[in-house]
Student: 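One structure, pasted below without further comment.
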Amino acid sequence: MQRLRNTPASLPLMPMIRVSLLALASLWVLTGCQKHESASPESIVEVEGDVAIVGDWQTLFPEGETTCSDGSPYKFFVRQGASDKLLIYLQGGGACWFRQTCDPEMTPSYTLNVANTSYPYFGIFNFAKADNPFKDHTVVYAPYCTGDVHIGASDTIYPPVEEGQKDLVIRHQGRANMQAVLEWTYANVKSPKNIFVTGSSAGAIPSPFYASLIADHYPDARVGQLGDGAGGYRRMNQATRPHEQWGMFNFIKDEKGFEHLNSHDMNYESLYIAAAQQHPEILFAEYDAAEDAVQKRYLALSGQKNVQLLDSLKANHQDIRAEADNFRSFIGGGTSHTVLQKPEFYTWAANGTGIRDWVAHLENFTDVEDVLCVDCTREGYVGVTIDPALQALWDSWEDPATQYVKPFKIFDNVYYVGIDWVSAYLIDTGDGLVLIDSLYGKWVPLLMNNIRAVGFNPSDIKYVINTHGHFDHAGGSAYLQKVHGAEIVMTAEDWAIARAEPELPQFYMPQPNVDIVAKDGDTITLGDNTFELFNTPGHTTGVLSIRYTVREGDNEYTAMTLGGVGLNFSGVARTETYIKSYERLQSIQNGTSVSLPNHQEMGKVFARRDLAAAQPSGAANPFVNPDSYKQDLSAFLTAAKVKLAQEKAGTAPTELEALKNAITDS
């Protein structure tokens, strides 16, 4: 048995925040008139001792009983908006309730502290989006670091499970942290008219409980609630009862409306039922993906393996509705986890209803219908149904089994960090990193992991040079710009593409701010490398091809990343422009011996990787092949001339057919 050192049931009414309310009021005034600017966590500036301000966000460091799981300080974020609209958000970040998953030196399944936690940028936190339902709200953002879904009240001792271990104390004090957040909110946001309480993943679970407490404090306000990505936890292994390890019942029976809860039959639906019964005027809600892979993983940790999550979701919802009629649900398709902080918040849909629109109705206190996916195997999108052939192609682009590529070293200073169908190259200059192309959507987190896997920190990326502005190459730009402080490089024509509304919702990408507008002949020098930029229009009107130096031991070679080989466009004039670009590239081909194009198939990148892996040490690098580069340019020109004849004859393949041809191994 695990031994508990419990926190007293009476929580501190006002955990101290090391700054006066007068000073905070002044900060509200000072920041309220500033334009919102994004910045990396490293740029936070300390002001007034313990309040940090970046753009419109403030970071507060409370005292009192607040703490993270490892005893380190807690912090939370606030952003000023309209005084009558309040959004309170509880961050997710896993959970733990036994030694193996709580111990930082074993297999921790939660966020240990908030040292590297920054405020959010995307989804409902993209305040530049005109259709963001929360764009003008005052926001209070509660980070999470206690492994207890924000409802722990215990310093729990986890005894050894392996020889040589000592007792491990985990400070499951999520309730005290949230109390500090709430007390600050109550003191500084005195009379909001409209309040929305939400959270994702671990933050979704307690959101109905905290919505109830907040509604009690603001009896004259309208309150809405949404749990994002935690509705499928139907059963827990009775040998490991998480809420008991967390000390939840050290306090919860003292809260109005929750007095009847019992530890022996506690489940997370109980929080929804109790809150909905306590506040029948509030519409409580949940969003989930039908086969959320993260929820299934945590169910497996609790002993529930091979669960059909959709069945658990339906059963949980039925249990809640049996006790309260003020509950609604949205079940989307696919295996994704949460939606509120994702760019796809604006594009995902199910059964003809967009999740953004559904949440906007909740925020406006308008009743909504339950939504259930029709095809629950994959994410649905707003708008018209796309062509079946394109749908099949899109499905392959979104499939982790198809797209994951283990990152690999090509030269001493060059690494492949992309996916199967879209390349991304990381170049180490000795004085910072340059990334060529930034992937998109669900693959941006993978890109960050790949960069770390080859031994680098994404925050050391100084420049992202996008070969062009299509979503698959420029989609990660906003993230790298806002979170890691990288400067983004594109031509003016492709900046316009990257910042325009997409042709299809599947191709949506967060808009980066315009940084460096490249022109033909520009160079970027960083550390020991210079990147020459050639405008080679055709695939788009502003394509960049990039020439730079690669190194292997004492040898140096010239590499070219061709930025737009694909012929998936239409028109005689556009095709003629493409041909002129590649004739120009042919005219400067001498001296270039390495081809690293922005779609790996077009330069046989993986085939060369496999050759390199099979060769004995000291053999010639198969990526160094000037004759092959020349042959590729010739082949691309030949294909373009065939396309030109077809365009003139009216027999050219469709753009979709051309796209499939362009990215298929030849």
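Just so it is clear, the model here is predicted, and its values are computed rather than measured.
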Student: Is there a donor-acceptor pair closer than 3.5 Å between any side-chain N or O of Trp495 and the backbone N or O of Val489?
Tutor: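 Checking the backbone N and O of Val489 against the side chain of Trp495, no donor-acceptor pair under 3.5 Å is found.
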Student: Quick one: salt bridge (charged side-chain N to carboxylate O under 4.0 Å, His left out) partners of Glu556, sequence neighbours excluded?
Tutor: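 Residues passing salt bridge (charged side-chain N to carboxylate O under 4.0 Å, His left out) with Glu556: Arg551.
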Student: Between Thr429 and Asp528, does any side-chain donor sit less than 3.5 Å from a side-chain acceptor?
Tutor: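 Result is no, nothing qualifies.
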Student: Answer yes or no for Arg609 and Phe408: cation-pi contact, defined as NZ/CZ to six-membered ring centre under 6.0 Å and angle to ring axis within 45°.
Tutor: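 Pair Arg609/Phe408 counts as cation-pi.
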Student: What's the verdict on side-chain hydrogen bond (donor to acceptor under 3.5 Å, both in side chains) for Thr540 and His468, showing C-alpha distance, side-chain angles and the deciding distance?
Tutor: CA-CA 7 Å; Thr540 71; His468 59 278; 5.3 Å; no
Student: With sequence neighbours left out, write down each residue that passes salt bridge (charged side-chain N to carboxylate O under 4.0 Å, His left out) with Lys409, or none if nothing qualifies.
Tutor: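 In terms of salt bridge (charged side-chain N to carboxylate O under 4.0 Å, His left out), with neighbours along the sequence ignored, Lys409 is linked to Asp412.
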Student: For Asp375, check salt bridge (charged side-chain N to carboxylate O under 4.0 Å, His left out) against everything at least two apart and list the hits.
Tutor: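 Salt bridge (charged side-chain N to carboxylate O under 4.0 Å, His left out) list for Asp375, sorted by chain: Arg378.
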Student: Between the side chains of Thr592 and Tyr557, does any donor sit under 3.5 Å from an acceptor?
Tutor: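 There is no such pair (donor and acceptor under 3.5 Å, judged by atom type) between the side chains of Thr592 and Tyr557.
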Student: Side chains of Asn466 and Ser477: any donor to acceptor distance under 3.5 Å?
Tutor: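 There is such a pair between these side chains.
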Student: Checking His337 against Asp292: is there a side-chain donor and acceptor pair closer than 3.5 Å?
Tutor: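 Yes, a side-chain donor-acceptor pair sits under 3.5 Å.
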Student: Any side-chain donor-acceptor pair under 3.5 Å between Lys630 and Asn590?
Tutor: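 There is such a pair (donor and acceptor under 3.5 Å, judged by atom type) between the side chains of Lys630 and Asn590.
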Student: Go through the side-chain N and O atoms of Asp399 and Thr402 and say whether any donor and acceptor fall under 3.5 Å apart.
Tutor: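 There is such a pair between these side chains.
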Student: Any side-chain donor paired with an acceptor under 3.5 Å for Ser628 and Arg608?
Tutor: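 Yes, a side-chain donor-acceptor pair sits under 3.5 Å.
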Student: Do Lys342 and Phe122 form a cation-pi contact, if we require the NZ or CZ to be under 6.0 Å from the six-membered ring centre and within 45 degrees of the ring's axis?
Tutor: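 Not satisfied by the 6.0 Å and 45° rule.
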